[in-house]
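One structure is given here, and the rest of the page talks about it.
Reckoned from all heavy atoms, side chains included, excluding hydrogens, waters and symmetry mates. If you read the sequence from its start, that first residue is 1, and numbering goes on from there.
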Amino acid sequence: MTSPPAARLMLLDSASLYFRAFFGVPDQRKDDSEPPTNAIRGFLDMIASLINTHQPTHFVACWDNDWRPAFRVDAIPTYKAHRLVDGSIVEEESPELLTPQVPVIRDALQALGFPRLGADGYEADDVIGTLTARHKGSMAVDVVTGDRDLFQLVDDAANVRVIYTARGGVRDPDLVDEAFLQTKYAVANGPAYADMAVLRGDTSDGLPGVAGIGEKTAAKLIEKYGTLVALRAAVDSGDPEIKGAQRSRLEAGAAYLDVAPKVVQVAPDAPVDDVDMALPTQVADPVLMSRVASEFGVTSSFNRVLSALRID
């Protein structure tokens, strides 16, 4: 008897993908009065391609219920501040033609029967981190994202990898495992990547890092001391190998290093609902799917997903 396929959970960083779809898929409208659909089409086509290529048995579209959570802003007020709409303290800048497509993407996921999970006060990254912590070891986990922050979840022993779409999209992604992290960033594993990222900072997220400590130096320090906690203990204890400008920089960055880990590290325990994550075996809401398909002209994209799911 043929054994069933090994369980594989695919976790989508949904906003990362629909932003990529919006910018990567041409707007085919002939008239500006028609609703934009390029992000909808691209997002559904990405799902079809991912399922065909990686054959997950379980699937969740992870959602930003809060793209700039208070606990991160309280720790580092500059966190994502450059992405705020002028004059707003909560609203994220978004292309005008993308904004109306996001509710349609939600409807499409609902119609097809894919679970869409968020957690109030948390980002999609935290949902992904929580579901990874909850299920790794019982199934392989593929995290699909264009965001390097999630490299911290890579764990060869637990069969957790990142399908990184920033360069080649979903059709030619980087498959990020511990060997990739070692080759590309000179860090040994996911937690070491997070520690290196704290030191280095990330201007795209408004994280300053330790002034004067770049990526290569950060990686060398984490390689030498093992963890950020151990590095800081070495600084505090007067380790003679940390001297001169490097010591001054690390000491000057102490207040930042006190709070940055809670910003960089994804939550492993966000209040994410337990739901059935198995791939749909039938359309959950045919009426809704038919309405979305006809109203937005995305029948072909729905059909590609149904074909990938082997739903007639």
Donor-acceptor list for residues 15-22 side chains, cut-off 3.5 Å, not counting sequence neighbours:
from: S16; atom 1: OG; to: G146; atom 2: N; distance (Å): 2.9
from: R20; atom 1: NH1; to: T165; atom 2: O; distance (Å): 2.9
from: R20; atom 1: NH1; to: A166; atom 2: O; distance (Å): 3.2

Judged by atom type as modelled, is there a donor-acceptor pair below 3.5 Å linking the side chain of [X] to the main-chain atoms of [Y]?
X: D66; Y: R68; value: yes
X: R29; Y: E34; value: yes
X: D195; Y: L228; value: yes
X: S14; Y: W63; value: no
X: T37; Y: I40; value: no
X: S88; Y: L84; value: no
X: E123; Y: P69; value: no
X: S294; Y: R291; value: yes
X: S290; Y: P286; value: no
X: T217; Y: G214; value: no

Would you say that more than 12 heavy atoms from the other residues, nucleotides or ligands in this model lie under 6.0 Å from the [atom1] of [X], or not?
X: Q282; atom1: CD; value: no
X: E96; atom1: CD; value: no
X: D31; atom1: CG; value: yes
X: R171; atom1: CZ; value: no
X: Q55; atom1: CD; value: yes

Using the test side chain to side chain donor-acceptor pair (under 3.5 Å), find all partners of [X] that sit at least two apart in sequence or belong to another chain.
X: R83; value: D205
X: N52; value: none
X: E215; value: R200
X: Y185; value: none

Under the side-chain contact (heavy atoms from CB on, under 4.5 Å) test against [X], which residue among [options] passes?
X: V162; options: L181, I128, V176, D147; result: V176
X: T132; options: V127, L153, L9, V154; result: L153
X: L11; options: V144, L150, V160, L131; result: L131

Taking F43 as the starting point, is it possible to reach V25 by hopping between hydrophobic residues whose side chains are less than 4.5 Å apart? no
Do V187 and V143 belong to the same hydrophobic cluster, where Ile, Leu, Val, Met, Phe, Trp and Tyr are linked whenever their side-chain heavy atoms lie under 4.5 Å apart, directly or via other members? yes
Can you measure from [atom1] ([X]) to [atom2] ([Y]) and round to the nearest 0.5 angstrom?
X: I222; Y: Y193; atom1: CD1; atom2: OH; answer: 12.5 Å
X: M196; Y: E223; atom1: CE; atom2: CD; answer: 12.0 Å
X: D125; Y: D64; atom1: CG; atom2: CG; answer: 7.0 Å
X: L257; Y: L199; atom1: CG; atom2: CG; answer: 6.0 Å
X: R8; Y: H54; atom1: CZ; atom2: NE2; answer: 9.0 Å
X: L231; Y: D236; atom1: CG; atom2: CG; answer: 9.5 Å

Parallel, tilted or perpendicular: which fits the ring planes of F151 and F180, with parallel below 30° and perpendicular above 60°? perpendicular
Kindly indicate, with the supporting measurements, whether the criterion side-chain hydrogen bond (donor to acceptor under 3.5 Å, both in side chains) is fulfilled by D239 and S237. CA-CA 6 Å; D239 185 330; S237 67; 5.8 Å; no
D174/K184 salt bridge by N-O under 4.0 Å criterion: no
side-chain hydrogen bond (donor to acceptor under 3.5 Å, both in side chains) partner of R161, chosen from D155, D142, D177: D142
Residues I163, V170; criterion side-chain contact (heavy atoms from CB on, under 4.5 Å); working and verdict: CA-CA 8 Å; I163 298 174; V170 299; over 6 Å; no
Kindly indicate whether the side chain of [X], heavy atoms from C-beta on, has any atom under 4.5 Å from the side chain of [Y].
X: Y122; Y: T130; result: no
X: N38; Y: Q101; result: yes
X: F59; Y: I47; result: yes
X: L12; Y: L50; result: yes
X: R247; Y: V235; result: yes
X: F302; Y: V292; result: yes

Give the C-alpha distance, both sets of side-chain angles, the deciding distance and a yes or no for side-chain contact (heavy atoms from CB on, under 4.5 Å) between I242 and K224. CA-CA 11 Å; I242 304 173; K224 180 176 179 62; over 6 Å; no
Stepwise salt bridge (Lys or Arg N to Asp or Glu O under 4.0 Å) test for D126 and R72: CA-CA 12 Å; D126 301 308; R72 291 194 168 101; 2.7 Å; yes
Sequence neighbours left out, cut at 3.5 Å: what donor-acceptor pairs do the side chains of residues 258-280 make with other protein atoms?
from: D258; atom 1: OD1; to: R232; atom 2: NH1; distance (Å): 2.9
from: D258; atom 1: OD1; to: R232; atom 2: NH2; distance (Å): 3.0
from: D274; atom 1: OD1; to: R134; atom 2: NH1; distance (Å): 3.1
from: D276; atom 1: OD1; to: A278; atom 2: N; distance (Å): 3.0

Smallest separation among heavy atoms of [X] and [Y], with atom names:
X: A308; Y: I51; value: O-CG2, 3.7 Å
X: D27; Y: R41; value: CA-NH2, 4.5 Å
X: Q152; Y: A194; value: CB-CB, 3.7 Å
X: D107; Y: L288; value: O-CD2, 3.5 Å
X: Q110; Y: A284; value: O-CB, 3.6 Å
X: P36; Y: P100; value: CG-CG, 4.1 Å

For D120 and N65, does a side-chain donor sit closer than 3.5 Å to a side-chain acceptor? yes
Any luck finding a side-chain donor-acceptor pair between D45 and S301 under 3.5 Å? yes
